[in-house]
Amino acid sequence: MSAIPESAPRKVFLETYGCQMNVADSELVGGVLHRHGYLRTQDPAQADVLLLNTCAIREHAEERVLGRLSELLQYKHARPSVQLGLLGCMASHLREHLLDRAPYLDVIVGPDGYRDLPSLLADGVDPRVDVRLDRDETYSDLTPDHGPGPRAWLTVMRGCDKFCTFCVVPFTRGRERSLPPDAVVAQVEAAVAAGKREVVFLGQTVNAYRADGVDFGGLLRRAAAVDGLDRIRFTSPHPSEVSDAMIAALADEPKVMPYLHLPLQSASDPVLEAMARDYTIAQYRALLGRVRDAVPGIAVSTDIIVGFPGETEEDFRATADFLEEARYDFAYQFKYSPREGTRAYKIPDTVSEAEKGRRLRQLIERQEEISLEVNQSQVGREVEVMVEGPARRPPDHVVGKTQSFKTTVFRDVGAKPGERVRVRVDSAGAHTLRATPV
Ligand code: SAH
Ligand code: SF4
Ligand code: F3S
């Protein structure tokens, strides 16, 4: 399998866009290329192969990548042997249209084609395109090259079967499939052996995980039994897949962090229905209540889309009101972006760009205030922070995350990345806590 070239090792530059699953996929691609003799470089001018691992979730994401590609083209002009490749969700979303936009691409490979990347780069027809989706590919036998720091991202399931009407992911990543639990545990053990202290389980509907009779709650328990692992998180669970077993693991398994990302999208039933989100706002509210009853003090974040086609002022108000009620720790909020191929793409866009912008700004401003209030309620408390490394500022400070995933900065007392330090929270902003070691 490994064909290490006899000539000088080729250097690869790999840049990642999009979600954490893409970060994890880039680590997988890094591992595959590494085993085939490639070296990594952070400098595109030094690279023989330039790869962008891309995202198609919103139009803006695609435009950024197309802009970056035309920048990278200069290196190919300078040295024609340089290969330029596009990986990831844009490859499966745009397929042959990519060659109209960027005819100079040498390889185009979708999320299920990374195993064969070395041979596509080695030779073949030009351009080399592999955008087939493979309902069995989990890469469970491949070892990713994890980045620095105490945290390892581990993809435990791939694809999505939900087909929310706004979303390209089921088309870009194909059908749901889970890694065998033994393979996940082996990857957790390998990460710990490599010095990692935290794992983050990833999947677009991560809690739909099921393999060999093990469900997501069971997987969390299996991972928690790994010695030397301190923390487990996961993203993104889908509200309609939350099980009692998952909530129980959050509640009573000390290694499972008291933090939950629970995407809402909208708090209006007609909009949720048009989005095909599979829950009503009453069901979502009840779920949030169950989680908070079971795990007092749990931090909760969410995703929200404003300006979905047909979203009226009244629908929007329902979402704004729900923000007040839910008091999320933080929220990722987006303007609806029509995506070709999705069901919502065929519904006329009824909300103007200006109005989407107004709605988005209003929610972001309000959520900033709520995040600030929620964080300020932590002042005076003692919390445990896992150190990640030096803080960007102030000097001589380190940064890490609390158990509820809050970014926390405190004076460097010699703690190494991965170490857990007890601190007292002194002050809080909307995004960061300041603390003193106790
Ligand atoms: N699987 C996760 C999230 C996937 S994408 C879930 O089900 O929630 C991350 C977020 O991007 C989504 O939660 C949604 O808020 C946003 N998003 C997805 N498609 C979008 C689109 N077409 N326009 C705007 N935002 C979108
Ligand atoms: Fe997209 Fe919905 Fe699947 Fe999330 S659950 S990835 S929003 S289709
Ligand atoms: Fe983007 Fe693909 Fe992730 S579309 S958000 S990189 S799954």
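Please read all numbers here as calculations on a predicted model, not as lab measurements. Counting convention: from 1, in listed order, for ligands and their atoms alike.
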Tell me, which protein residue and heavy-atom name are nearest atom 10 (C) of ligand 1, and how many Å apart are they? Asp303 OD2, 3.4 Å

Close-contact set for ligand 1 against Lys335 heavy atoms, below 4.0 Å: 23 (N), 24 (C)

If we count only N and O atoms by modelled type, under 3.5 Å, do the side chains of Asp269 and Thr280 hold a donor and an acceptor together? no

How does Phe334 reach ligand 1, by side chain, by backbone, by both or by neither, if only non-hydrogen atoms under 4.0 Å count? side chain

Sub-4.0 Å heavy-atom approach of Gln20 to ligand 3: no

Test: Arg115 cationic atom under 6.0 Å from Tyr139 six-membered ring centre, within 45° of axis: no

Modelled atom types, side-chain donor and acceptor of Gln362 and Arg358, under 3.5 Å: yes

Backbone, side chain, both or neither: what part of Ser337 comes under 4.0 angstrom of ligand 1, heavy atoms only? both

Heteroatoms of the protein, restricted to N/O/S, which lie under 2.8 Å from atom 3 (Fe) of ligand 2: Cys160 SG

Phe330 and Tyr332 aromatic ring geometry - parallel, tilted or perpendicular at 30°/60° bounds: perpendicular

Arg58 contact mode with ligand 1 (heavy-atom cut-off under 4.0 Å): side chain

Just by distance, with hydrogens left out, do Thr408 and Lys401 show a side-chain donor and acceptor under 3.5 Å apart? no

Proximal ligand 3 atoms for Gln204, defined as those under 4.0 Å from one of its heavy atoms: 3 (Fe), 7 (S)

Please state whether Thr205 comes within less than 4.0 angstrom of ligand 1, counting heavy atoms only. no

Please say whether Gln204 places an N or O atom under 3.5 Å from an N or O atom belonging to ligand 1. yes

Residue part near ligand 1, for Arg277, under 4.0 Å between non-hydrogen atoms: side chain

Between Asp215 and Arg221, is there a side-chain N and carboxylate O pair less than 4.0 Å apart? no

Ligand 1 atoms in contact with Tyr336 (distance to a heavy atom under 4.0 Å): 23 (N), 24 (C)

Is any side-chain N of the basic residue among Glu365 and Arg361 closer than 4.0 Å to the acidic one's carboxylate O? no

Proximal atoms of ligand 2 relative to Phe166 (non-hydrogen, under 4.0 Å): 7 (S)

If waters are left out, how many protein N/O/S atoms lie within less than 2.8 Å of atom 2 (Fe) of ligand 3? 1

Distance under 6.0 Å and angle within 45° of ring axis: Arg233 vs Phe405: yes

Would you say the side chains of Gln20 and Thr235 form a donor-acceptor pair under 3.5 Å? no

Say whether Val169 and ligand 1 are in contact under the criterion: heavy-atom distance to a ligand atom below 4.0 Å. no

Just heavy atoms, cut-off under 4.0 Å: does Ile57 contact ligand 1 by side chain, backbone, both, or neither? both

Proximity of Gln265 to ligand 1 by residue part, where a heavy atom lies under 4.0 Å: side chain

Closest heavy-atom contact between Leu52 and Leu72? CD2-CD1, 3.7 Å

Set of side chain to side chain donor-acceptor pair (under 3.5 Å) partners for His261, sequence neighbours left out: Ser301, Asp303

Would a line drawn from the ring center of Tyr75 to the ring center of Phe13 be shorter than 6.0 Å? no

Contacts of Arg135 meeting side chain to side chain donor-acceptor pair (under 3.5 Å) (sequence neighbours excluded), chain-then-number -> none

Salt bridge or not for Arg290 and Asp244, using N-O below 4.0 Å? yes

Would you please indicate yes or no on a ring centroid separation below 6.0 angstrom for Tyr209 and Phe201? no

Using every non-hydrogen atom in the two residues, find where Ser371 and Tyr328 come nearest and quote the distance to one decimal. OG-O, 4.4 Å

Any side-chain donor-acceptor pair under 3.5 Å between His431 and Glu368? yes

Is the shortest distance from a heavy atom of Lys162 to ligand 1 less than 4.0 Å? no

